[in-house]
Amino acid sequence: MNTDNCITLENVAIGYSGKVLIKDINFSLKVGEFVVLFGPNGSGKTTLFKTILRIIPPIQGAIRYGDGHLTRFGYVPQRQYLDEIYPFTVEEVVLMGTFGQAKPFCPTPKTNRVWIEQCLKDVGMLDLRKKLFSELSGGQKQRILIARALATRPNVLLLDEPITGIDIIAQKKIIELISELHKKRQLTIMMVTHEVHHIPSWVNKIIHIHHYKVVLGSLEEIISLSRIDEIPS
Amino acid sequence: MEQLLEIINPHFLLRNAFYAGLIVGIVCPQVGIFFVLRRMILLGIALPQVSNAGIAFAFLLHTIGWHFFPHMESEKTMALTGSVIFALIAIFTLAILERKQKGFTENRIGFTYVLAGAASILFVSWNPYGQTEVLSMIRGEIISIPDFYLWSMLAIYGTIFICLVGFHRNFVLVSYDTDMAITLGKRVILWDILLYLIIGIVISFGVMTVGPLVIFGFLLIPPIAARMVVRGILPFCIVSSVIGTAASFIGFYISYRFDLPTGPTDIAILSIILVFLYLGKILIRLKR
């Protein structure tokens, strides 16, 4: 495995409208790592995640990307934030992943259509490509959003709560899929979750947001910290 | 049949009104799809009303002697300028407040609608002359459309239509998933500004041509009807414009044939299409 850093946060402070939520954030993601960003609801995970994705600017500090390599993100949002009023087919949702390179006034090139078929095949959803996205189950939608992220040809895949709100069997399958993509495509992966039992035991690193502080640790350490929080004071 | 042939004859006396209606029928639903998809339907009621207030205000200025344009069409040009300026100020103010999340969206739009409605009436009543002409323009009586106005409309609506088609992917992406658009390097604010600009111009011109009620109908009913029967965003856009054009054509024919006001007839046709599509959808579901 390459040991180069693909994302480095140095003394970063994050928050909204100038109000600091978490400060002194220092960590790095190495190329090919599988990292979990863990913390309870409202702890600032999504803010940190969106800051890494350049959606929200950091209030302080610097985030370095790539160390000379090109960093291309594949972003998997929380599916409940996507409005079902849009009459998108599965194919059209995945095609969005190619819009970064799409030229205005030009029809979708055939190569892009072939590519999105490959992405759909990789997540096992090719048969559903003509279905409406809004008609799918939670687990199926999640797979389609992963396919959309893959369509951007990323080297870093960031997933926001990918297995929240879906049944246990679908959760297991999604984790297997992410793990398979990690190995097969050599992707650096960062997954956000607020539940300890969603964290696979084999992850390389866990970034835990604990009382508005970022702590790096192993799964055992994170579990013990979470248990301490559960003890009534 | 005779009347139908008369309407499509290039020397037809009211041809400009007929062509203007068709242009509105094709282009307005393309803008309206963003009202429906972004859940801004209430804005579709408020903005034409604001545009209306702009027209009434421009007429008031014109009557009290503020002539910016000395040529023959000065009244219409001033009315259009007032309509565009008012609509753009309103849409950008509402967009900024939306982005800053100040208060509730419905409250802001409701307030805008009431204020604009009251302002329109006051501007018209303060106007000592030409009340009839102002009211006729506000009602969207589209019978007398000069060639110059039709050509300007074709140029502006044509440009907007080309923009909407050419930048369709960007408009859809920033509307559907802003965060994804940012990660793909899209300048979301610029695309939003362009879309709001398009909305403002389409509504201003449309209100001058067919009136606020009719423009609201053409913005919203075709996309709502199309959404019930299509699968996919591309068919959604195409079917919306087909419904708008068909309603405009049939509406004009019926209004000419039975001597009815064109705008309300268009809306009645749009509503009939909507109901038929809804019933058709239910029937198909029952058969399955």
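Throughout, a chain's letter reflects where its sequence line sits, starting with A, and its residues are numbered from 1.
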### Query
Going by residue number, which parts of residues 109-130 of chain A are within reach of chain B, meaning a heavy-atom gap below 4.5 Å?
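Residues of residues 109-130 of chain A touching chain B at under 4.5 Å: A/K130.
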
### Message
Applying a heavy-atom distance below 4.5 Å, give me the residues of residues 82-105 of chain A that approach chain B, sorted by number.
### Response
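Residues in range: A/L82, A/D83, A/E84, A/I85, A/Y86, A/P87, A/F88, A/T89, A/E92, A/M96, A/G97, A/F99, A/G100, A/A102, A/K103, A/P104, A/F105.
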
Contact part of [X] toward chain B, heavy-atom cut-off under 4.5 Å: side chain, backbone, both or neither?
{"X": "A/F133", "value": "side chain"}
{"X": "A/S134", "value": "neither"}
{"X": "A/P107", "value": "backbone"}

Tell me whether the count of non-hydrogen atoms from other residues, nucleotides or ligands lying under 6.0 Å of [atom1] in [X] goes above 12.
{"X": "B/Y196", "atom1": "OH", "answer": "yes"}
{"X": "B/I189", "atom1": "CD1", "answer": "no"}
{"X": "A/K173", "atom1": "NZ", "answer": "no"}
{"X": "A/Y16", "atom1": "OH", "answer": "yes"}

### Message
Let's test your reading of the structure: which of B/P235, B/G166, B/S175, B/A226 forms the most heavy-atom pairs below 4.5 Å with chain A?
### Response
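Greatest number of close heavy-atom pairs with chain A: B/G166.
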
### Query
What pairs meet the salt bridge (Lys or Arg N to Asp or Glu O under 4.0 Å) rule with one or both residues in residues 69-79 of chain A, with sequence neighbours excluded?
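Non-adjacent pairs meeting salt bridge (Lys or Arg N to Asp or Glu O under 4.0 Å): zero.
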
### Query
Between B/R227 and chain A, which part of the residue has a heavy atom less than 4.5 Å away: side chain, backbone, both or neither?
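Interface part for B/R227: side chain.
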
### Message
Less than 4.5 Å to any heavy atom of chain A: does that hold for the side chain of B/I33, its backbone, both, or neither?
### Response
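Nothing of B/I33, per the 4.5 Å heavy-atom cut-off to chain A.
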
### Query
Of all the residues in residues 176-188 of chain B, which have a heavy atom that comes within less than 4.5 Å of a heavy atom in chain A?
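The list, in residue order, reads B/Y176, B/D177, B/D179, B/M180, B/I182, B/T183, B/L184, B/K186.
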
